Structures are given as C-alpha cells and as structure tokens.
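Working notes, structure below.
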Amino acid sequence: MKNPKIIVIGNGMVGYKFCEKIKSKSPASHLIVFGEEPRRAYDRVHLSEYFNGKTAEDLSLSTENWYQENNIELFLNTRVTKIDRFDKTVSASNGLDYPYDILVFATGSGAFVPSIPGIEKEGVFVYRTLEDLDLIRDYAKTANTAAVIGGGLLGLEAAKALIDLGIKETSIVEFAPRLMPRQIDAAGSEMLKSKLGELRLKIHLNKNTTSIDGAEHITGLTFSDNTSIQIDMLVISAGIKPKDELAKACGIDIGARGGIIVDKNMQTNDPSIFAIGECALYEGMIYGLIAPGYEMAEVLASNLLDGKKAFTGFDMSTKLKLIGIDVASFGDNFITEPDCRTITFENKHKGIYKRINISNDGQYLLGGILIGDATAYNLLLQTSNNKMILSENPEDLILGNRDGNEGSSGAAITNLPDTALICSCEGVTKGDICSVVADGSCENIDDLKTCTKAGTGCGGCLPMVKDLMNDTLKSQGKYIRNVICEHFNYSRQELFDLIHIHELKSYDAVLDTLGKNDGCEVCKPLVSSLLASLWNEMILKKGNDVAQDSNDRFLANIQKGGSYSVVPRIPGGEITPEKLIVIGEVGKKYNLYTKITGGQRIDLFGAHLNDLPFIWEELIAAGFESGHAYGKGLRTVKSCVGSTWCRFGLHDSVSFAIRIEERYRGIRAPHKFKSAVSGCIRECAEAQSKDFGIIATEKGWNLYVCGNGGSKPQHAILLATDLDSDTCIKYIDRFLMFYIRTADPLTRTATWLNKMEGGIDYLRNVVVNDSLAMGVIWEQEMEKLISSYQCEWKEAVENPSIRRRFSHFVNAPEEKDPTIEFVEMRGQKRTTEWK
Amino acid sequence: MTESPNDWLAACRIEDAVENGGVCVKNGEDQIALFYFTRRNEWFATQNECPHRKQMALSRGMLGSLTDEPKIACPFHKKTFSLRTGECLNGDECAIKTYPVKVENGTVYIGTKANF
C-alpha cells in the first residue's frame, strides 16, 4: 500500500516514539494521533521529577512545533469513542469520523485500582499522569501522613515523591511478603527495607487492605489482620491495567487478564490493526518497561515501511537508582536450588546485598540481584547474556578478587565474545568497539563515542567501554598517553614545555598553535594555569578571562545559590586590631556571613557579584590584598606564635611564615598548596599536614614536604634538616618549580610524590643535591614569578574594562541577581538549600 | 529552525557582550544567557538557569566544543549543554531552552520565544 493513512490512538511515550520512527524513515507518511490527555507526550519514567521542580514542558518529549513541523495531525484532549473495522473509520469525541488504512493502539495502561471499600473517598489518588500529580500536590499541602499501596517500582517512586512534597510520615503497604516482588527476593527486600527505613519510610509487608476509613476524607486504612494505620492521604500504585476496552469493544482479541493480543509483528487478529507498548500482550506477557515499548515501536515502524523486523521478547534486566539506592536484577533472578546454585553476599553495615545464580555444573551465570551496590551489573549481565564460562571462583564476580592481584575483572572483559552487547542503548558490541580501536581510528573515549555511538545514551556502559579500549590498546603494545582532552593531544607536562618554547601568552594562541577546535572546560582552566605558572600575567587579561574557571574568572569562590565569598590575605595569620575592624565593618555594610577559616584567616560569604569590586576597593584601601582562595595556588602559611611570645619557641615562626606567604602568594600551580611554620617541635601550626611545612630546631629549620589533610590525610616527609632561612627558601623554590612543571592537572603534592618513581629519595636528590642541574634555572624562574606579582583585585577594581564584568545583568548593570536568597541562622545569614 | 515571527529583545550592543564568553540578559522576570562564540563567529542564547541544581549560572560558564558541537559548561558542577539543541551532553539532566539571536546595526537581539 502506498502511503497508507495511519491513525495512532494514544500519545504516550511509545506512541510518540512510533511517530518519530515512522517520520524519520518516511517523512511523507500520513499520521493522525489522538491523545486523551491535554498535553503532548511526556516522559512518564521521570514523572516524580515533576515534584523536584521540573515543569510539564521540561518533561515533554517533543517541542511544541514538532508535530506541526513533521506534518502530524495531533488531537489532544480527544478520545476515540468507537472503531468501525468494516468501514475502517474511528469516531472521536470531537464528533468527527476519521478513515484509516492502518490503526495502531498505543493506549498504554492505567493504574490498577483494587476494589477496596471506601476507594471513592477524598484524599485517595492514583500515580499515573501529570494531572494525578497536580491533584496529589494540592492535597499534600494539608496532609501530614500518607501511605502508598503497592511496594513495586512505581510505588517506591510515589513514596519518594510524597517525601519530596514534605509529607512528614509516609508508609508503604505491600500485599506480597516483600518489596519489589518482580525484581528482588526476600533477603534483598529486607536490605532495601532497612535502607528505606533510614529515610523514615515505614514499610508494611503482607498487608491486605480491607477498607479505606473515614467519613468523606480518608483517615486511615484497615487490614485483614485487623490492624490499621492513620493517614491523611493515600496513593494507589498497585500495578497497571492495559487500556484495552476500545479494542475489546470492536472485537479485537484480548488476553484473559487484559491486554491486546499481538504477534511478533505487533499485529492483532485484524491485519490492519496493531498494538504497541503497555497495552500489547505478547506471548502472555505485558512489558511494563520503556525499553521494550520502544523496541515494539521500532518493530512496527519498520514493518509498516520495509517490513523485516520481529519482536521476540525483551530482556527485562534492570538497573536503577531508587531513592538513592542501587537496585538491579538480571537474567533469571528468581531461579532457586535445586535448579541452580546460589551465591549470596550480605553486608548489613553498608546495606549491600548481592545474589548470583549459577548453573549446577558451575559453568554459567544464570541471573542475579544486586542491592546497594550495582557497580558489577554491566559485567554480570554480559557474563549471563553471553553464556560465558565462569572461573573456578565465581564468587569473585560479586566479592571482587581478594588475593591482591588485579586482572579478574579485566580478564572477564577480555573473555567476552565479540558479539557481546556492551552499549544496549545504541546496540554497540564489543567487536564494534575493539575493531575501531585496533585499526587505529579511535584512540580516546571521545573518538570512540563519535565513531561507534557507544556510551552516548544512558552512559552506564562507559566504564566498560573505557576498559575495553585500554585493554585493546595495551594488547597492541601501545603506550597509553595521559592526554588532556580532545582538543590537546599532549600531557600537561608536554604542554607546559611547548607553551614555554613557543612563548605563547594567551589561551587562544595556545589553542591555535598546539590544539584544535574550540577548547572545553577541561583544557581551558588547565592552559590558563600553565600560562599563569609560566608568565604570571594578570589572569583576567583580555581573552584569558573567559578561559578561567569560574572562581578565577571572578576572583572569588562561587557558593551555593550563586553568591561569592571574599577572602583577604592575612599572612601568617597576623592581623592588627584596625584591620580586624575594617573586615567587621565591610562585613556589616555588605551583609556578609563571616567565619574564621582553617588557614588562620577570615572568610566573608554571601557577596553579590555586583558588590565584589566595592568590597575589595574598601579592603584594598585598608591595606588588604587578594587571598587567592579562588585560585590553584598558595593558600595560607599558618603559623604558631613562635619565640616572640611563646616560652617554648625556638625561632620567630610568625616572621618566617609571613616571609614565605608573601614570597609565593599568587603563584599558580597544578593544584592549591598550603604551608605552615611551627616554632618548635610541639608543632602547633600542624606543618606536617601541609604541602610544605617548616619546624624550628635548635640549629635552624627542618623542611617537610608533600603532606596533605583533606580526604586522604598523609604526613609530610622530612626533606632536609637544620637549614638556615635562605637555604630553606632555596629548597622550597626548587621543590615548587619541580612540582609546577611536572605534576598532572589537579594533583596535590602528596599524590604527585606517591606517583613519582624513586619517591622521596629521588625528590631529595633533585631538590637538595640538584641531580638534574636545574636548581639555578628554577630559582631564576621563581624569582621572575615573584617579581611580577601584583594583587589581582587591585588591578580588577582599577581597570574599567575588567571591572564592568562584575555585574549580573548586561542590560541592567545596577541590578543584582534577584534569585539569590538567604535565610537567618544563629544571627547571621546562610544560603538556602539546593533547589 | 523555521523562521517564525518572534518577540525580539534588544539585549545589548556587540561590544557589551563578552568575546568567547557569556553575559546574562534580564528579560522581565526571566534570565537569558547570551554567548558570543567569537572563535566560531556564532551567537547563542539559552536559559541562564542550570537545570542540575537550579542555579542562575550558565552565563558565567565556559564555552567549548564536543567534536563540532558548541557547548557551555555550568560553573557549578561542569554539566555541559549543547548550545545548538540545549541537550545535556554529559549526564541525564533535562535539556535547556535555547533562543534565536540576531545582530542588526551593532545591536544584539534575542528572540524571546524559545526554540525548545
């Protein structure tokens, strides 16, 4: 039939996908769509995000004009009331009849509502459409307690939505003895239940609701075991019911428990009528997930146009994050002994449960369940789908390799057959990925994504794609270079030397000379940092400003909510009462939150972008300068009070700290770095937790390097002992220049040392014994950086072309961002939480 | 994009825009991020709010490209979005609105009916 008239009943996700597929294959197709909801098709999978601030438009799958642009007649708010199969027409609620050649049911499903006495009461809702959500949101304003009937996937989503709406106490009522009865087993359910309990969700299992109580409004539920709970509202999410009434009324075959019966071509018993999505029943099964629905749409669209594909069922393995908890099931998840052998792992402390089912001969993985940690999901799914032979220790699959040797998971990847489907969104196999890496057309992950489309859908397979790529490269004996990004085919160290040799001074010049395309958020701050380390020019010099990371660009740290913080330098933590008063007055005048930092200075939070130049103007006038809290460079040099006051102090630690802080202020490095000076071995300044730390001895100073606080604390290691002040500074110059030249991006000194071949002995040889004969050069380079120091904020407030960028609206420069909000706490202001 | 009548907002003069960067344009209660991608000689406009944490920040982000796709990275958590389609390029954030831009006699105009 040439260009048949196709009518689609239903404008849900699958109906929309079908239209999209038909139109992309044959733009001239004649399509009419009827939808009974008032809105265009929207993303029902992410329905609950409606309560997190997403609008109906955000959730919409298409743009307003999409149907028009593609010549599809769309009738919203319109039901099909009757189908005449003899005349091949449908009658719509607008009173008109429409002829069809092909009729597609994409009517989806409605909520299954059990017939419980009292179900008609006010305050009882279903969770299915945006209209349902609007009703729930309105009612929730007056409710304190709520329950959800149904502990499946949707029920848990609904419960999450109720928490988000501010309901104080939410219960989940499930008829079955466990949660998510289709996906997980009893032990998994127990684990999930205890995790959900931590979120103040009450779980009632094995509960058969016999009545919904209350006069007009719901006030509670009574169960068959004569227990009851008090609630203000109820959401029913007890399963889905295919919408098949219309099909049934015109004589289409319907399954005993509902659903329009279709064959592998999605065809019903009427050759002109088809069904796809949740209203379709294929081999006795309703597929209540989105992926098989889309597959049905694809099968039907291609069959109507060129006719080759067939639907042969769908892998219902799923991995999802439910209220922040990983839940996954794959393959035959419920098979039990004696038909298989199961291996389970349970860690109640961390809320992790894993179960795998293996064949009785121990050869194959049949299926499994993962709760709390689903990182192994991809590999397990592959192992099971591809019938890979298991090792003699299949428990390694969920416990990891415990003998300290790497390779078990790597080996598993290597053993995958070429046909293994790695990216199921785009249908990319292991063979597809490995062959483009092997023939040299792709050498990095971005090339791979472009070339194969792997990982461009949900992105869940990317770690595996990367492993496959590295494995293939390694097996070819290729050196895996740590290149910066798709725009620069160099490591940081290579780029440092190239910029130096070519004497490049701006980001654009570097990109034009050494890179390609337009750069990105990875290479821009990195190159900016290199330029600053090399030439120490004002970082906001025209053209380089937009290549700075946000904090450097506005010389302040952007905070939650969009305001900025102001941190003046207080070298060594020494400050006069006059200067303290200035900080206090500035804080009061601009309504700032003030806090003492860990680095012995004062942080002022909550400044509007527009106010920053005014604040700094006042601070600079009082003798302050930038503290570079926003930059990857020297933060603070902390000090104890030292020999000037302390009865134990050996040397003047404050003076030395100030000398050091003023020496290295403003210098940019691969990451921030911190220092401290202690006046004696009691170590009050905590110098051994710093990137370089100095402790006074009877004879001079001990210099420690590469310490770190933070998430992985590491003590600094003694580099040299009993140094006089100048020698100590000479060693620090060399140490810092060596670090600046050779460290990977965003690598602190501790990690840099940990990766260094030869470790501290090598470093000591380079710095103290000058084994690379670079000492003099580095000292000269450091002198150049120090002599070119200028306070960036001074330049910024004095230079009108830089200063005008500190304003929120380009077309209303005086106005501040009206969306920034603060609340009161302990007599000061703070930001509001993330929205 | 089909040419359709639009409400054109005079946002700023060319020289007020930031080369290879963004500025924020006030449109009544709304905020629009306007980008002058000088390297590509292209103008783009999107909503200023990053959908990830609902921060008014995209105009302060860094421009870049992913293969040939021009993109903007939010300064907060480096979510990136296509400047052409608004689609999120490194996560499952929902797409941002994009607006048409035209330049006439040195003034930059934004079509305030979004492209979607």
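Order of the sequence lines fixes the chain letters, A, B, ..., with proteins taken first and strands second; residue numbering starts at 1 for each chain. Worth saying up front: this structure is predicted, and the values here are computed from it rather than measured.
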**OP:** Using side-chain contact (heavy atoms from CB on, under 4.5 Å) as the criterion, list what pairs up with Thr318(A), not counting sequence neighbours.
**Re:** Gln183(A), Leu289(A), Leu320(A), Ser329(A)

Original post:
Taking atom types as modelled and ignoring hydrogens, do the side chains of Thr63(A) and Asn65(A) form a donor-acceptor contact shorter than 3.5 angstrom?
Top reply: no

Original post:
With chain B, which of Arg805(A), Arg553(A), Lys560(A) has the greatest number of heavy-atom pairs at distances under 4.5 Å?
Top reply: Arg805(A)

**OP:** Locate the shortest heavy-atom distance separating Phe554(A) from Phe806(A); write the atom from each residue and the value.
**Re:** O-CE2, 3.3 Å

**OP:** Answer yes if the side chains of Ser60(A) and Arg40(A) hold a donor-acceptor pair under 3.5 Å, and no otherwise.
**Re:** yes

**OP:** Evaluate the side-chain proximity of Phe822(A) to Ser563(A): yes if any heavy-atom separation is below 4.5 Å, no if none is.
**Re:** yes

**OP:** Count the heavy-atom pairs under 4.5 Å between each of Ser59(B), Ala73(B), Cys94(B) and chain A, then report the option with the highest count.
**Re:** Cys94(B)

Original post:
Quick check, are the ring centers of Tyr109(B) and Trp43(B) under 6.0 angstrom apart?
Top reply: no

Original post:
Among Gly64(B), Pro75(B), Ser65(B), Pro70(B), which residue forms the greatest number of heavy-atom pairs with chain A at distances under 4.5 Å?
Top reply: Ser65(B)

Original post:
Among Val522(A), Ile820(A), Leu609(A), who wins on heavy-atom pairs under 4.5 Å with chain B?
Top reply: Leu609(A)

Original post:
Asn551(A), Asp508(A), Asp58(A): which one forms the most heavy-atom pairs within less than 4.5 Å of chain B?
Top reply: Asp508(A)

**OP:** With a 4.5 angstrom heavy-atom cut-off, could you sort out which part of Leu89(B) is near chain A: side chain, backbone, both or neither?
**Re:** neither

**OP:** Tell me, for Glu521(A) versus chain B, whether the close heavy atoms (under 4.5 Å) come from the side chain, the backbone, both or neither.
**Re:** both

Subject >> Contacts of residues 28-36 of chain B with chain A (heavy atom under 4.5 Å) >> reply: Gln31(B)

Original post:
What pairs with Cys442(A) under side-chain contact (heavy atoms from CB on, under 4.5 Å), at least two apart in sequence or on another chain?
Top reply: Val436(A), Asp447(A), Leu448(A), Cys451(A)

**OP:** Check Leu511(A), Asp512(A), Leu530(A), Leu514(A) against Leu504(A) for a side chain to side chain contact (heavy atoms under 4.5 Å, CB included) and give me the one that passes.
**Re:** Leu514(A)

Could you give the side-chain donor-acceptor pairs of residues 10-25 of chain B under 3.5 Å, partners two or more places apart or in another chain?
unit_1, atom_1, unit_2, atom_2, d
Arg13(B), NH1, Asn105(B), O, 3.1
Arg13(B), NH1, Thr107(B), OG1, 2.9
Asp16(B), OD1, Arg804(A), NH2, 2.9
Asp16(B), OD2, Arg13(B), N, 3.4
Asn20(B), OD1, Thr38(B), N, 3.2
Asn20(B), OD1, Arg39(B), N, 2.9

Subject >> Interchain contact, Glu815(A) with chain B, by part (heavy-atom threshold 4.5 Å) >> reply: side chain

Original post:
Based on non-hydrogen pairs under 4.5 Å, which of Gly519(A), Cys485(A), Ser807(A) is most in contact with chain B?
Top reply: Gly519(A)

**OP:** Answer with yes or no whether the side chains of Ser82(B) and Glu87(B) bring together a donor and an acceptor at under 3.5 Å.
**Re:** no

